[in-house]
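Note: hydrogens, waters and symmetry copies are ignored here, and every other heavy atom, side chains too, is used. First listed ligand is number 1; within each ligand, the first listed atom is number 1. Residue indices begin at 1 and follow the sequence shown.
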Amino acid sequence: MGKIGMVGLGRMGFDMSQRLLKKGHKVIAYNRSPDKVREIAKKGASAAFSIEELVGKLGDGKDRRIVWLMLPAGEVTEKMIRKLLGLLKKGDVIVDGANAFYKEAEKHGKLCEKKGILFFDCGVSGGTHGLERGYTLMIGGSKKAFKYIEPFCRSLSPKKGYGYFGETGKGHYVKSVHNIVEYVYLQGLAEGVELLDKRNIDLKKATEVWGPASVINSWLLDLTNTALKKPDFKKIGTKIDSVTISELMKTKNSVKGFTPAFDSSVKVRKSKGKEEKKFKLGKKTIAAVRREFGGHKVRK
Ligand SMILES: NC(=O)c1ccc[n+]([C@@H]2O[C@H](COP(=O)([O-])OP(=O)(O)OC[C@H]3O[C@@H](n4cnc5c(N)ncnc54)[C@H](OP(=O)(O)O)[C@@H]3O)[C@@H](O)[C@H]2O)c1
């Protein structure tokens, strides 16, 4: 089993560290807020209270050092990559697990390449259920070097749940497409809930009955049923806390993609006033289901 540094112990990084520890890897963990570092140390990780300490604990560079980032995409991840470039040596590895625009990964790949550091962009899916169910991983980067991170990917994911998709950028690209599909699925489920409600159909019953064998059965459908059953469902607001819309729009525009269903779902998520009123229950449903799979905030 290997040794890996995890940077970012939020909803994702904390449980990913736990899963790696359970599978027998050695994890050195760093987080901006030290409480989380202390917490993961209780689960068996080696605590690092600075990025310098994390890199130091990974070794002196004789053995290849692997650092996995689970931070917000954009400025935070970029700053951390630049900091790591000053601390790591040729042959070391950075994996970026954020939900980032794929062209960012291409830029980061080039930056790392200049220093001989191997960069992988890895889209992660599975949300707050990943600790038990495993994480789906979508990876881009050097094919030759993929073997260095593959043991960790295997441990993080369920059987057949990770894939190497090609050069740098392909991992984040596949994850963005996954998220575009997720938007469309959620919009479809929310439209179903809206329509059921128009005729006073029992929402919990219908989404439960659809579960076992219907052609629309899915994990998102099951989570819709769970969300509808939560005692606070009625109090959930229509605000959908998502930071990924602009990244996903950039992705589909950059390949001139034709995505009418996704475009509508974005329009609905952004709707306000009169427009929003037409789809209030639908938006509440989307917010509630996102809380179920990703621990995303809901407004009450
Ligand atoms: N949640 C999901 O379902 C999900 C699924 C797939 C991928 N992702 C992606 O995974 C990444 C992490 O998501 P998450 O859900 O774990 O987020 P999260 O729970 O909000 O955690 C964010 C992490 O980033 C750290 N952080 C935030 N701002 C920082 C800054 N300015 N400087 C240093 N560290 C900072 C936080 O540290 P503190 O503890 O100090 O705040 C925390 O460790 C994101 O790119 C997200 O898009 C999320």
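For atom 31 (N) of ligand 1, the nearest non-hydrogen atom from the set Met12, Arg32, Arg290 comes from Arg32. Here the shortest heavy-atom distance to atom 12 (C) of ligand 1, taken over Met70, Met6, His129, belongs to Met70. When the heavy-atom distances from atom 7 (C) of ligand 1 to Thr244, Thr136, Val124 are ranked, the shortest goes to Val124.
Contacts between Lys79 and ligand 1, counted as non-hydrogen atom pairs separated by less than 4.0 Å, are absent for every part of the residue. With a 4.0 Å cut-off on non-hydrogen atoms, His296 touches ligand 1 through its side chain and not its backbone. Of all the heavy atoms of Val76, the ones lying under 4.0 Å from any atom of ligand 1 belong exclusively to the side chain. If you look at Asn99 next to ligand 1, the close heavy atoms, those under 4.0 Å, come from the backbone and the side chain alike.
Using a cut-off of 4.0 Å between Lys/Arg side-chain N and Asp/Glu carboxylate O, Lys170 and Glu167 are scored as salt-bridged. The existence of a salt bridge linking Glu104 and Lys107 is confirmed by a sub-4.0 Å separation between a basic side-chain nitrogen and an acidic carboxylate oxygen.
At a 3.5 angstrom cut-off on N or O pairs, Ala98 does not count as close to ligand 1. When only interatomic distances are considered, the shortest N/O to N/O separation between Ser33 and ligand 1 falls below 3.5 Å. Considering backbone and side-chain N/O of Lys175, none are found under 3.5 Å from N/O of ligand 1. Residue Gly10 has at least one nitrogen or oxygen atom sitting less than 3.5 Å from a nitrogen or oxygen atom of ligand 1, judged on distance alone. Polar contact with ligand 1: absent for Gly8 (N/O pair, distance under 3.5 Å). An N or O contact shorter than 3.5 Å is missing between Phe293 and ligand 1 by distance. Between Thr128 and ligand 1, not a single N/O pair is under 3.5 Å apart.
With ligand atoms numbered from 1 in the order given, ligand 1 contributes 1 (N), 3 (O) to contacts under 4.0 Å with heavy atoms of Gly294. Heavy-atom contacts of Gly127 reach the following atoms of ligand 1: 3 (O) (cutoff under 4.0 Å). Listed by atom number, the atoms of ligand 1 under 4.0 Å from Ala73 heavy atoms are 45 (O). Every atom of ligand 1 is numbered from 1 in the order shown, and the set under 4.0 Å from a heavy atom of Lys36 is 39 (O).
For the residue pair Lys175 and Asn99, a side-chain donor N or O sits within less than 3.5 Å of a side-chain acceptor on the partner. There is a side-chain donor-acceptor pair under 3.5 Å between Thr238 and Glu276. A donor atom on one side chain and an acceptor atom on the other are not found under 3.5 Å apart for Thr168 and Tyr102. Residues His108 and Glu78 bring a donor and an acceptor atom of their side chains to less than 3.5 Å of each other.
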Open item on the list: The test is ring pair (Phe, Tyr, Trp, His ring centres under 6.0 Å); show your working for Phe293 and His129 and say whether it passes.
Closed with: CA-CA 7 Å; Phe293 67 71; His129 298 256; 8.4 Å; no
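Atom CG of Asp63 is surrounded by 12 or fewer heavy atoms from other residues, nucleotides or ligands within 6.0 Å. In this structure, Lys229 places its NZ atom where more than 12 heavy-atom neighbours from other residues, nucleotides or ligands lie under 6.0 Å away.
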Result block: side-chain N/O donor-acceptor pairs under 3.5 angstrom for residues 1-13, not counting sequence neighbours:
from	atom 1	to	atom 2	distance (Å)
Lys3	NZ	Lys57	O	3.4
Arg11	NH1	Gly294	O	3.1
Arg11	NH1	Gly295	O	2.9

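Figure legend: cation-pi geometry between Arg154 and Tyr162 absent, as NZ or CZ is not positioned both under 6.0 Å from the six-membered ring centre and within 45° of its axis.
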